Amino acid sequence: MERNTQFDIQGADSPYDFRNEERGAYRSRAGLSEDIVRKLSEDKGDPGWMRDFRLESLRIYERLGIPEWMPDISALDIDKIATYVRPNTAMQTKWEDVPADIKDTFEKLGIPEAERTSLAGVGAQYDSELVYHNVQEEVAKSGVVYTDFESSLRGEYADMVREHFMRLVRPDDHKFAALHGAVWSGGSFVYVPKGVKVEVPLQSYFRLNAKGAGQFEHTLIIVDEGADLHFIEGCSAPKYNVANLHAGCVELYVKKGARLRYSTVENWSKNMYNLNTKRARVEEGGAIEWVSGSFGSHVSCLYPESDLVGRGARAEFTGVTFAGEGQDLDTGAKMAHLAPDTSSVITTKSISKGGGASTYRSAIYVGKDAAGSRASVSCESLMLDGISRSDTIPAMDIHTDDCAVGHEAKIGRISGDAVFYLMSRGISEDEARTMIVSGFANPVSKELPLEYAVEMNNLIRLEMKGNL
């Protein structure tokens, strides 16, 4: 039986919903096969080990089934997804050399302006490949490596990349990790040397313009001992009436005494299946900080995982999810305490309106060797009407008595008294509700750099008006 892959995309246009005519240099035929994977590997000039890795990942993909606990993704038909769309340009290091239509896309998204004012380096991906990549000279002089992922396979750090590639997220973790291993394209590699503190954030931005296509970028970041980095990830796509797919992968290595903050503001269109996988490995005394804003997509499955493998390693996850009409957003976080005196904190906010479904799903694991560890989980849900849904599904697996683990959950609705109070001060009812929701999400927005906090608040306003 042919699956229904059509979407009823409604609502006014948003500032993110613009598209270009597809003028890619190459688009793979839809579906997934060994021939398609071999052709992709050949076109990209993969080293032999990567070609073999792709083919083995394909075999794993064909063997694995879709996880039973996932939201319904029956309308996603891989046989109708083009897994590779190459833009009609090579990667550039100057904005003026990027083709006009692609450059205009990123100008509208504010990427060049952000680079000029608040970023130490930028990578911009359009469909399946990076079209622009640059890092400030003073950052490069400190030894920081920030490059497109394909270049990292052949450069000075090729052995390091091979040693770490898909070792945290393995192809046999689940079906869509295997899919990623087979058809990944684009993404970034970052290495911060020992003791180097990058004062200004780096950013990668992913734009999927092609209709009925997938995006499978791979991000690998290694922050060496005592180093410090803030990395920002942004993404968006125009609306189409057929399914698109995002199945990227993020692997983060935080060495002894290092710190990494990884911030994400996602704004996929509501025909997107966002099946992304992110995982960090944190060594002794290291710290990983996740800041996540999830907007858009038809279905989203996203649970960043932190593996705390060294004594005193720390992890924090702060996230907000907004599910509107026609959306099923299944998000949360995982924390694995695998060494003594480790600590983790999860703080999430979820908002649902217009019949949207928001599910918070978490997993806390405390191993038998993790004595003295502490974990705290707090999730709050705000439903804006009587037809929306919010669920909390926490899991805790504890193997030592010498630990402290706590969980609290709250579900509520906007207070009529609060709305009335704001209206009595001359504020319209719609604006009052938007202000309350923005305040509810403030713990996340205040953790972002100013430009991205403003963007997140704009996304909330658009969601409240039904414009996303």
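Keep in mind it's a predicted model, so treat the numbers as computed, not measured.
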- Task: Scan side-chain atoms only and decide if Ser185 and Ser128 contain a donor-acceptor pair under the 3.5 Å cut-off.
- Result: no
Parallel, tilted or perpendicular: which describes the rings of His180 and His218, with under 30° parallel and over 60° perpendicular?
-> tilted
**Report entry** Arg261 (side chain) donor-acceptor with His230 (main chain) under 3.5 angstrom
**Finding:** no
inquiry  = Whether the Ser306 and Trp290 side chains hold a donor-acceptor pair (N or O, under 3.5 Å, no angle test) is what I'd like checked.
reply    = yes
Minimum side-chain heavy-atom gap Leu40-Arg54 below 4.5 Å:
yes
With ring centroids as reference points, do Trp268 and Tyr273 lie under 6.0 angstrom apart? no
For the backbone of Ser350 and the side chain of Ser358, can you confirm whether one donor and one acceptor N or O come within less than 3.5 Å of each other? no
Hey, would you say the His246 and Phe216 ring centroids sit under 6.0 Å apart?
no
Practice item. Indicate the ring-plane relationship of Tyr262 and Phe231, choosing parallel, tilted or perpendicular according to the 30° and 60° boundaries. Key: parallel
key: Sidechain N-carboxylate O distance under 4.0 Å for Glu129, Lys44   = yes
- Do we see a donor-acceptor contact under 3.5 Å between the side chains of His133 and Thr147? no
Without hydrogens or angle criteria, can the side chains of Asp391 and Tyr360 be said to hold a donor-acceptor pair below 3.5 Å? no
(message) Is it the case that over 12 heavy atoms from other parts of the model lie below 6.0 angstrom from the CG atom of Asp159?
(response) no
On a heavy-atom basis, the closest approach of Tyr146 and Val190 is CD1-CG2, 3.3 Å
- Short side-chain donor-acceptor distance under 3.5 Å, Thr400 and Asp402: no
Beyond-backbone contact of Glu266 with Glu233, side-chain heavy atoms, under 4.5 angstrom: yes
Checking Ser344 against His337: is there a side-chain donor and acceptor pair closer than 3.5 Å? yes
Discussion item. Is the ring pair Phe176/Tyr61 parallel, tilted or perpendicular, if the boundaries are 30 and 60 degrees?
Written reply: perpendicular
Checklist entry - Above 12 or not: heavy atoms from other molecules or residues under 6.0 Å from CD of Glu96? => result yes
Ser28 and Thr83, any side-chain heavy atoms less than 4.5 Å apart: yes
salt_bridge(Glu34, Arg38) N-O dist < 4.0 Å
yes
When you compare the side chains of His174 and Thr277, does any donor N or O come within less than 3.5 Å of an acceptor on the partner?
yes
- If we only count heavy atoms from C-beta on, is the Val282 to Asp307 side-chain gap below 4.5 Å? no
(message) Checking Asp228 against Arg259 for the salt bridge (charged side-chain N to carboxylate O under 4.0 Å, His left out) test, could you report, in this order, the C-alpha distance in whole Å, the side-chain angles of both residues, the deciding distance, and whether it holds?
(response) CA-CA 5 Å; Asp228 192 295; Arg259 172 184 173 270; 3.0 Å; yes
Is the ring pair Trp49/Phe53 parallel, tilted or perpendicular, if the boundaries are 30 and 60 degrees? perpendicular
Taking every heavy atom of Asp127 against every heavy atom of Val85, the minimum-distance pair comes out as CB-O, 3.5 Å
Using 4.0 Å as the upper bound for N to carboxylate O, is an ion pair formed by Arg63 and Asp172?
no
Exercise. Check the surroundings of atom NZ in Lys197: do more than 12 heavy atoms from other residues, nucleotides or ligands lie under 6.0 Å from it?
Key: yes
